[in-house]
Amino acid sequence: MQRVVQRNISHQMPTIAKLFGAAGMAVTGLCLGNLVLPVLPLMLRGAEVLPVVAASFGLLIGWRVMTPMKSYGFVQSIGAGLRAAVYVCFWTLTYLGAAQMLRLSMNQQYDGVFEALLDIFTQGLYFSVVLAQPQVLATLLVGGALSGMVARWGARRWS
């Protein structure tokens, strides 16, 4: 006899809160990528598509992180938006670290695969220090908070 397990799939259904959260985080990622692009080193390959990559990360993370917003209060929705903004920043820095690692590995500057994979995070930390500017941090904070508030507003308005 098999055991039947039912899952709660309500968080997987498309909602207006997910749509608004994804759109808000995509715009935040796009603005972040455009702010960061002039500061990056010229030798970094893959940086010219950074606004599109950051917007894609924002779209995916906004869809997954901004889930049941109707039950959230005002502070929790801002917190969800800020959490999504931190995730977008982390994955964008990981992308930049991977792009730099690929450039360095093509020049055969690593002894092994493990060293190259560890250097992704080292390069990402280097870029986080370089990019810790007030404009970038303000864009993350304001964009994340606004995305959370807009997602909550959409969930309350159209649910």
Enumerate the ring-ring contact (aromatic ring centres under 6.0 Å, His included) contacts for residues 135-159, please, sequence neighbours excluded, ordered by first and then second residue. Phe20-Trp158, Trp153-Trp158
Not counting sequence neighbours, which residues clear side chain to side chain contact (heavy atoms under 4.5 Å, CB included) with Ile78? List them please. Phe74, Leu82, Ala145, Met149
Transitive ILVMFWY side-chain link Val88 to Val136, under 4.5 Å: yes
In Å, rounded to the nearest 0.5 Å, how long is the span from OG of Ser147 to CD1 of Ile61? 11.5 Å
Please give the remaining members of the hydrophobic cluster of Val86, linking ILVMFWY side chains under 4.5 Å, ordered by chain and number. none
Same apolar cluster (I L V M F W Y, side chains within < 4.5 Å links), Val49/Leu102: no
Please give me the minimum heavy-atom distance between Ala85 and Gly144, naming the atom from each residue. CB-CA, 4.0 Å
Which atoms form the tightest heavy-atom contact between Leu19 and Trp63, and what is the distance? N-CZ3, 3.7 Å
Beyond-backbone contact of Leu125 with Leu93, side-chain heavy atoms, under 4.5 angstrom: no
Might you point out which heavy atoms bring Glu115 and Gln109 nearest each other, and give the distance in Å? OE2-O, 4.5 Å
Expected output: side-chain Ser105 to main-chain Gln108 donor-acceptor under 3.5 Å: no
Which residues share a side chain to side chain contact (heavy atoms under 4.5 Å, CB included) with Ala26, sequence neighbours left out: Leu59
So Arg157 and Ile16, side-chain contact (heavy atoms from CB on, under 4.5 Å) or not? Walk me through it. CA-CA 9 Å; Arg157 172 85 167 89; Ile16 199 74; over 6 Å; no
When rounded to the nearest 0.5 angstrom, what distance separates CG in Leu140 from CD in Gln135? 12.0 Å
Hey, could you give me the CG/CE distance between Leu146 and Met25, rounded to the nearest 0.5 Å? 10.5 Å
Could I get the full list of side chain to side chain contact (heavy atoms under 4.5 Å, CB included) partners for Thr94, not counting sequence neighbours? Phe90, Trp91, Ile120
Roughly how far, to the nearest 0.5 Å, is CZ of Arg152 from CD of Gln76? 8.5 Å
How long is the span from the CG atom in Leu50 to the CZ atom in Phe57, to the nearest 0.5 Å? 9.5 Å
Would you tabulate the side-chain donor-acceptor contacts of residues 28-40 under 3.5 Å, counting partners in other chains and residues two or more places apart, or write 'none'?
| residue | atom | partner | partner atom | Å |
| --- | --- | --- | --- | --- |
| Thr28 | OG1 | Gly24 | O | 2.9 |
| Thr28 | OG1 | Gly143 | O | 3.4 |
| Asn34 | ND2 | Leu30 | O | 3.3 |

Please list all pairs passing the ring-ring contact (aromatic ring centres under 6.0 Å, His included) test where one or both residues lie in residues 101-146, with sequence neighbours left out. none
With heavy-atom distances below 4.5 Å as the criterion, would you say the side chains of Asp119 and Gln100 are in contact? no
Could you pull out all residues at least two apart from Ser56 that satisfy side chain to side chain contact (heavy atoms under 4.5 Å, CB included)? Val52
